[in-house]
Amino acid sequence: MGGCKYYLRFSKRSGQQYWQVVSYVDEHTCYRTADNRNAKTGWLAKRFAHVPMHSPYIKPSGLVAVALEKWEVKISYDQAYKAKRRAMDLLQGAGLNQFNHLRSYAKELLKSNPNSTVVIKCAEDNEAHVFERIYICLNACKLGFANYCRPLIGLDACFLKGGTGGQLMSVVGRDANNQIYPITYAVVEAETKDSWEWFLHLLIEDLGALNQKAYGFISDQQKGLVPAIQGLSEHVEQRLCVKHLYGNWKKKHSGLELKEVMWAAARATTIP
């Protein structure tokens, strides 16, 4: 640091396996700082590797505190975030490489869960097949729903926040204890009419092979979902989630009284 007389120089001895201090001035006139430009992402990832192994949900702010306490090194939130991602790759392998094992994963699922359904869809480019979608329906889940649950199915999707993005689609039912019952799920490239139709037709095929009955679907008004359900079959009924409807309705009709009136109408079993 500017003006400080502290100086240390060492070098490896020629033909030897050790290092020797050549010159040393032990006189400090500067203050100590926790900033260290040598704390790069690669170095931090190797030092942090054991942390996410035991605490996989630790936040970058937690890693900032670990670095300051353990090594007295001050790092930024962005450095900690990148180091955690690199450390997770060191522990689990790069996420992109895991796509090479998808078909082996599918075979293992079918081996351990006979009569299950696993469908992998790839998009072809000029050189190879690129993963696009995967649909998974375990036999125990579809058998239990088709034979023992009410024919009401809830649908929804959410964003995947990993490096490859995509959407996770899932459908659930209600069991005899009125608890949520998972039926099947899929990972797709985006939430579109085409991806919903692909997902729902596979679902209807699975359920129809076990129990021929009319099913009712409940969902929000996501893009492509409403027309996808309407195109399934004439025996399929569709209902919209009242919570999502009210979320749009209250923008123009706010107030507790109108909210209670709307929910009373939704719960009514007859038109009058």
Side-chain angles (χ1 to χ4, degrees), residues 1-13 17-105 120 122-123 125 127-134 136 156-170 185-192 195 222:
M1 188 169 290
C4 183
K5 297 181 179 180
Y6 182 85
Y7 180 77
L8 174 65
R9 178 173 177 269
F10 57 93
S11 62
K12 189 174 183 180
R13 303 305 296 170
Q17 296 298 319
Y18 62 87
W19 295 72
Q20 181 177 2
V21 175
V22 178
S23 56
Y24 178 48
V25 178
D26 186 17
E27 183 179 350
H28 272 291
T29 57
C30 64
Y31 60 89
R32 186 171 184 175
T33 176
D35 295 322
N36 192 329
R37 290 182 297 177
N38 292 320
K40 304 293 185 180
T41 301
W43 182 86
L44 289 170
K46 293 178 181 178
R47 300 305 185 279
F48 282 149
H50 69 285
V51 179
M53 181 185 298
H54 302 292
S55 304
Y57 301 108
I58 188 172
K59 295 182 178 179
S61 56
L63 295 179
V64 172
V66 170
L68 190 59
E69 178 183 356
K70 192 167 184 179
W71 306 299
E72 298 184 358
V73 173
K74 184 179 180 181
I75 62 175
S76 66
Y77 184 95
D78 188 56
Q79 279 181 295
Y81 176 80
K82 292 179 179 178
K84 181 184 176 183
R85 292 290 300 272
R86 185 81 66 86
M88 295 300 291
D89 287 344
L90 291 174
L91 292 174
Q92 302 176 356
L96 292 176
N97 292 335
Q98 295 181 20
F99 285 96
N100 296 327
H101 306 289
L102 263 181
R103 297 197 182 278
S104 297
Y105 173 65
I120 298 175
C122 294
D125 62 6
E127 297 180 357
H129 296 284
V130 179
F131 170 78
E132 188 174 15
R133 302 170 185 171
I134 183 171
I136 297 176
D156 206 355
C158 65
F159 288 99
L160 294 174
K161 296 183 179 180
T164 55
Q167 293 260 352
L168 174 66
M169 294 179 169
S170 63
Y185 61 94
V187 175
V188 299
E189 74 286 1
E191 191 176 2
T192 63
S195 60
Q222 286 292 337

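Heads up: numbering here begins at 1 and tracks the sequence.
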Quick one: list whatever passes ring pair (Phe, Tyr, Trp, His ring centres under 6.0 Å) with Phe10, sequence neighbours left out. Trp19
So, using ring pair (Phe, Tyr, Trp, His ring centres under 6.0 Å) as the criterion, who are the partners of Tyr185 when residues are at least two apart? none
Residues passing the side chain to side chain donor-acceptor pair (under 3.5 Å) test with Tyr105, sequence neighbours excluded, are none
Mind checking side chain to side chain donor-acceptor pair (under 3.5 Å) for Gln167 and listing every partner two or more places apart, or none if nothing turns up? none
Taking everything shown except Phe131 itself, do over 12 heavy atoms lie less than 6.0 Å from its CZ? yes
A quick test of your reading: do over 12 heavy atoms of other residues, nucleotides or ligands sit less than 6.0 Å from CZ of Phe159? no
Mind checking side chain to side chain contact (heavy atoms under 4.5 Å, CB included) for [X] and listing every partner two or more places apart, or none if nothing turns up?
X	answer
Val73	Asn36, Ala39, Trp71, Ile75
Ser61	Lys59, Tyr77
Ser76	Asp78, Gln79

What closest approach, in Å, do [X] and [Y] show between heavy atoms, and which atom pair accounts for it?
X	Y	value
Ala80	Pro60	CB-O, 3.4 Å
Met169	Val188	CE-CG2, 3.7 Å
Ser195	Ala190	OG-O, 2.8 Å
Ala87	Ala49	CB-CA, 4.1 Å

Which pairs would a plain distance check flag for residues 20-27, meaning a side-chain donor or acceptor within less than 3.5 Å of a matching protein atom at least two apart in sequence or in another chain?
{"unit_1": "Gln20", "atom_1": "OE1", "unit_2": "Arg13", "atom_2": "NE", "d": "3.0"}
{"unit_1": "Tyr24", "atom_1": "OH", "unit_2": "Asp26", "atom_2": "OD1", "d": "3.4"}

Arg133 meets the salt bridge (charged side-chain N to carboxylate O under 4.0 Å, His left out) criterion, sequence neighbours left out, with Glu189, Asp194
Quick check for you: to the nearest 0.5 Å, what is the distance between Leu168 atom CG and Ile134 atom CD1? 11.5 Å
Find the distance between CG (Leu63) and NZ (Lys70) and round it off to the nearest 0.5 Å. 11.5 Å
Between Lys84 (side chain) and Val51 (backbone), is there a donor-acceptor pair under 3.5 Å? no
